[in-house]
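Down below is the structure, laid out as structure tokens.
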Amino acid sequence: MNKELFLREFMDDIWNKKNIEKVKQYVHPEYTIHVDNADPWEGKTLNNAEFKERLKYSFDSYAELLMINGDLEASVKNYQKAVDIAIANEDRDLELFQKDLEIVKQKLKHK
């Protein structure tokens, strides 16, 4: 398999579909983070279990980026903008944005 195809499959399986059980298929048993100094994981060497934890942290905190200080009404508007942009750009993460929008709408409904 060439590198580009391997990376595309990794991004689709792990990031888009969140199939973290497939991590060992893509990531070496010891993986060192080399991104930038602002990344709190920079320089750390992780095993597959720790890499999965890092993924969960990343997935869980991503949705929080669109939340606005507990203001659910403003957050719904923010998520709706993300959905609209994803639709306009034919973004492969559209379903993720739509799912998150529905979660926030449900929280607002049960407020």
Q: Check whether any side-chain N or O of Asn2 sits under 3.5 Å from a backbone N or O of Leu5 as a donor-acceptor pair, and report yes or no.
A: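 Side chain of Asn2 to backbone of Leu5, a donor-acceptor pair under 3.5 Å: yes, one is there.
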Q: Please confirm whether the backbone N or O of Asn47 pairs with a side-chain atom of Glu50, one donor and one acceptor, at under 3.5 Å?
A: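 Looks like yes, one N/O pair under 3.5 Å.
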Q: Using the test side-chain contact (heavy atoms from CB on, under 4.5 Å), find all partners of Lys24 that sit at least two apart in sequence or belong to another chain.
A: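 side-chain contact (heavy atoms from CB on, under 4.5 Å) check on Lys24 returns Asn48.
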Nearest-0.5 Å distance that lies between atom [atom1] in [X] and atom [atom2] in [Y]:
X	Y	atom1	atom2	result
Asp100	Asn78	CG	CG	11.5 Å
Lys105	Glu73	NZ	CD	13.0 Å
Ile87	Phe97	CD1	CZ	11.0 Å
Asp12	Leu7	CG	CG	11.0 Å
Ile14	Glu21	CD1	CD	7.5 Å
Ile33	Glu42	CD1	CD	8.5 Å

**Q.** Joint cluster assignment, Val104 & Ile85, ILVMFWY side-chain distance < 4.5 Å
**A.**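 Result: no, two separate clusters.
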Q: Check whether Val83 and Ile103 end up in the same hydrophobic cluster, where Ile, Leu, Val, Met, Phe, Trp and Tyr are linked by side-chain heavy atoms less than 4.5 Å apart.
A: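 No; tracing contacts between hydrophobic side chains, which count when under 4.5 Å, never links both residues.
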Q: Step by step, work out the side-chain contact (heavy atoms from CB on, under 4.5 Å) result for Leu96 and Lys18.
A: CA-CA 11 Å; Leu96 171 68; Lys18 296 180 177 48; 3.8 Å; yes
Q: For Glu95, enumerate each residue passing the salt bridge (charged side-chain N to carboxylate O under 4.0 Å, His left out) test, keeping only those at least two apart in sequence or located in another chain.
A: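 For Glu95 there are no salt bridge (charged side-chain N to carboxylate O under 4.0 Å, His left out) partners, ignoring immediate neighbours.
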Any side-chain heavy atom of [X] within less than 4.5 Å of one from [Y]?
X	Y	value
Lys44	Thr32	no
Leu46	Arg54	yes
Phe10	Val27	yes
Arg8	Glu4	yes

Q) Is there a salt bridge (Lys or Arg N to Asp or Glu O under 4.0 Å) between Lys99 and Glu102 once you walk through the steps? A) CA-CA 5 Å; Lys99 178 183 167 190; Glu102 290 308 312; over 6 Å; no
Q. Below 4.0 angstrom, N of the basic side chain to O of the carboxylate: do Lys56 and Glu53 qualify?
A.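 Between Glu53 and Lys56 there is a salt bridge, with a charged N closer than 4.0 Å to a carboxylate O.
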Q. What about Phe6 and Tyr26, are their ring centers closer than 6.0 Å?
A.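 Yes, close enough.
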Q.
Using a 6.0 Å cut-off, check whether atom CD of Glu9 has over 12 heavy atoms from anything other than its own residue.
A.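 More than 12 within 6.0 Å, yes.
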